[in-house]
Engineer: 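Structure provided below as structure tokens; questions to follow.
What you see is a predicted model; the values in this text were computed from it and never measured. Just so we're on the same page: letters track the sequence lines, and every chain starts at 1.
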2 protein chains.
Amino acid sequence: MMELTRKGEYAIRGIVYLAKQPAGKVVLVSEVAEATGVSQTFLAKIFQNFAKLGLVNSFRGTGGGFLLGRLPSRITLRQVVEAVEGPIIPNRCLTEEGACTRESLCMVHPVWRKIQSEVASILDAVTLEDLAKEKK
Amino acid sequence: MMELTRKGEYAIRGIVYLAKQPAGKVVLVSEVAEATGVSQTFLAKIFQNFAKLGLVNSFRGTGGGFLLGRLPSRITLRQVVEAVEGPIIPNRCLTEEGACTRESLCMVHPVWRKIQSEVASILDAVTLEDLAKEKK
DNA sequence: TTACTATGATACAAAAAAAGTGTCAAGTAT
DNA sequence: ATACTTGACACTTTTTTTGTATCATAGTAA
């Protein structure tokens with residue numbers, strides 16, 4: 001339970017690499033892939049996800065590549081994770097309203113809701129600016 | 001991310017059903033399975049997990065079945081979930097110490113650790129006694 | 001225009017995990 | 001003995017994850 005998938009891990013590695021670049025620097029997926037040790041084609045798909053959501057901007061053709069879509073301080077870890085893994089949902093019941101008819105399950109329901117909001121707020125509190133800092 | 005599997009859901013339904021029984025009452029898996037709408041063979045495996053950990057006691061043969069291994073107030077939701085899903089680990093890095101060599105990842109590390117402990121404490125705070133209460 | 005480069009979209013394939021079944025052994029009651 | 005019920009374990013099916021391949025699209029440069 002609660003595991004971040006490899007995709008989510010790669011997504012973080014990749015976008016943190018972008019966040020570490022000088023502002024305005026455009027980098028290739030191939031470079032990011034090599035630097036982070038992730039398959040290039042897989043990472044490319046992840047970055048396309050980011051691009052659709054505006055987390056990164058992309059440019060095609062010679063000299064093309066990716067850069068952050070906004071300031072690192074304006075991109076949260078939650079946005080990154082949800083971009084590739086979908087919304088934080090600890091239990092299927094939270095997905096569809098009214099789908100949970102079982103008494104026993106409904107007592108559990110508020111617990112999952114609490115977990116959901118706790119985790120969301122923890123991830124909301126961390127930005128790419130934080131993550132891009134070198135460890136001392 | 002963060003989804004409880006069906007197995008975890010079944011586990012909760014099943015053991016909550018046990019918690020709702022009169023103290024000392026032994027019930028068959030088949031009964032629990034039918035009442036909770038879970039495949040009997042699948043639920044049986046889940047209950048065997050519980051039995052190994054002492055969350056439930058089991059009796060074989062005619063008149064056999066399952067009952068809670070201790071008071072509902074002494075069984076936490078965390079114990080139930082971990083019994084079938086394994087320990088709460090939001091990121092693979094937390095599994096093996098020293099497996100995380102990547103700078104970018106290591107900045108993320110403490111965040112997952114925080115999530116882990118938050119979720120654990122939320123689940124620790126809920127017991128089967130709470131869950132067995134009828135909803136008003 | 002033509003060639004080259006890099007992302008975008010989408011379909012496909014392989015691997016891993018989850019979900020579920022089946023068989024037989026072991027213990028218990030009548 | 002016989003019927004009943006859990007225990008252990010191997011096996012199958014389904015779903016999800018992970019990754020690859022192909023071609024389209026757009027931009028750059030000669």
Side-chain angles (χ1 to χ4, degrees), chain A residues 1-15 18 25-34 36-69 81 83-87 89 91-92 95, chain B residues 1-15 18 25-34 36-69 81 83-87 89 91-92 95:
Chain A
M1 174 195 190
M2 304 262 328
E3 278 200 58
L4 189 67
T5 64
R6 214 161 296 201
K7 193 168 159 193
E9 204 176 308
Y10 294 168
I12 297 171
R13 282 196 214 167
I15 204 166
L18 286 191
K25 172 97 181 284
V26 175
V27 298
L28 299 176
V29 209
S30 54
E31 179 186 332
V32 182
E34 181 161 19
T36 56
V38 178
S39 142
Q40 176 175 340
T41 53
F42 199 25
L43 189 64
K45 270 205 309 194
I46 292 170
F47 271 32
Q48 284 173 25
N49 264 332
F50 287 158
K52 273 184 204 152
L53 295 165
L55 295 185
V56 304
N57 289 330
S58 64
F59 302 97
R60 296 204 250 196
T62 310
F66 294 87
L67 46 70
L68 286 191
V81 170
V84 295
E85 306 249 34
I89 296 172
N91 188 290
R92 295 164 209 274
T95 331
Chain B
M1 172 193 190
M2 305 263 326
E3 279 200 55
L4 189 68
T5 63
R6 212 162 300 198
K7 194 168 158 194
E9 204 175 308
Y10 294 167
I12 296 172
R13 282 195 214 167
I15 205 167
L18 285 192
K25 170 96 181 286
V26 175
V27 299
L28 299 178
V29 209
S30 54
E31 179 186 333
V32 182
E34 180 160 21
T36 56
V38 176
S39 142
Q40 175 175 339
T41 52
F42 198 24
L43 190 64
K45 268 204 312 189
I46 292 170
F47 272 31
Q48 283 174 23
N49 264 331
F50 288 157
K52 273 184 207 153
L53 294 165
L55 295 184
V56 304
N57 288 331
S58 64
F59 303 96
R60 296 204 251 197
T62 310
F66 294 88
L67 46 71
L68 286 191
V81 170
V84 295
E85 308 249 33
I89 296 172
N91 188 289
R92 296 165 210 271
T95 329

Engineer: Of all the heavy-atom pairs spanning A:K7 and A:I46, show the shortest one and how long it is.
Structural biologist: O-CD1, 3.7 Å
Engineer: For A:K45, which contact category applies under a 4.0 Å heavy-atom criterion: base, sugar-phosphate, or nothing?
Structural biologist: base
Engineer: Any side-chain N or O of A:S58 under 4.0 Å from OP1/OP2 of C:dA6?
Structural biologist: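 No, no such contact exists.
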Engineer: Hey, which of A:F59, A:F50, A:F47 is the one that makes ring-ring contact (aromatic ring centres under 6.0 Å, His included) with A:F66?
Structural biologist: A:F47
Engineer: Tell me what B:F50 touches on the nucleic acid: a base, only sugar-phosphate, or nothing, going by heavy atoms under 4.0 Å.
Structural biologist: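 The answer is nothing, as B:F50 stays clear of every strand by at least 4.0 Å.
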Engineer: Distances under 3.5 Å only, N/O to N/O: pair up the protein atoms with those of nucleotides 25-30 of chain C.
Structural biologist:
from: C:dA26; atom 1: N3; to: B:R60; atom 2: NH1; distance (Å): 3.4
from: C:dG27; atom 1: N2; to: B:G61; atom 2: N; distance (Å): 2.8
from: C:dT28; atom 1: O4'; to: B:R60; atom 2: O; distance (Å): 3.4

Engineer: Nearest 0.5 Å please: distance from the CD atom of A:Q40 over to the CG atom of A:L28.
Structural biologist: 8.5 Å
Engineer: Nearest 0.5 Å please: distance from the CG atom of B:L43 over to the CD atom of B:E31.
Structural biologist: 11.5 Å
Engineer: Which nucleotide wins on minimum distance to the side chain of A:Q48, given the candidates C:dT7, D:dT20, C:dT21?
Structural biologist: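 Nearest to the side-chain atoms of A:Q48, counting from C-beta on, is C:dT7.
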Engineer: Can you see if the side chain of A:S39 gets near the phosphate of D:dT20 - specifically, an N or O under 4.0 Å from OP1 or OP2?
Structural biologist: yes
Engineer: Any sub-3.5 Å donor-acceptor pair from B:E85's side-chain atoms to B:T5's backbone N or O?
Structural biologist: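 Confirmed, B:E85 side chain pairs with B:T5 backbone.
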Engineer: Are OP1 or OP2 of C:dG20 and a side-chain N or O of B:Y10 less than 4.0 angstrom apart?
Structural biologist: yes
Engineer: Using a heavy-atom cut-off of under 4.0 Å over every strand shown, decide if A:T41 touches base, sugar-phosphate, or nothing.
Structural biologist: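 A:T41: base contact, heavy atoms under 4.0 Å.
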Engineer: With DNA chain D as reference, determine whether B:S30 or A:F42 sits nearer its 5' end, using the nearest nucleotide of each.
Structural biologist: B:S30
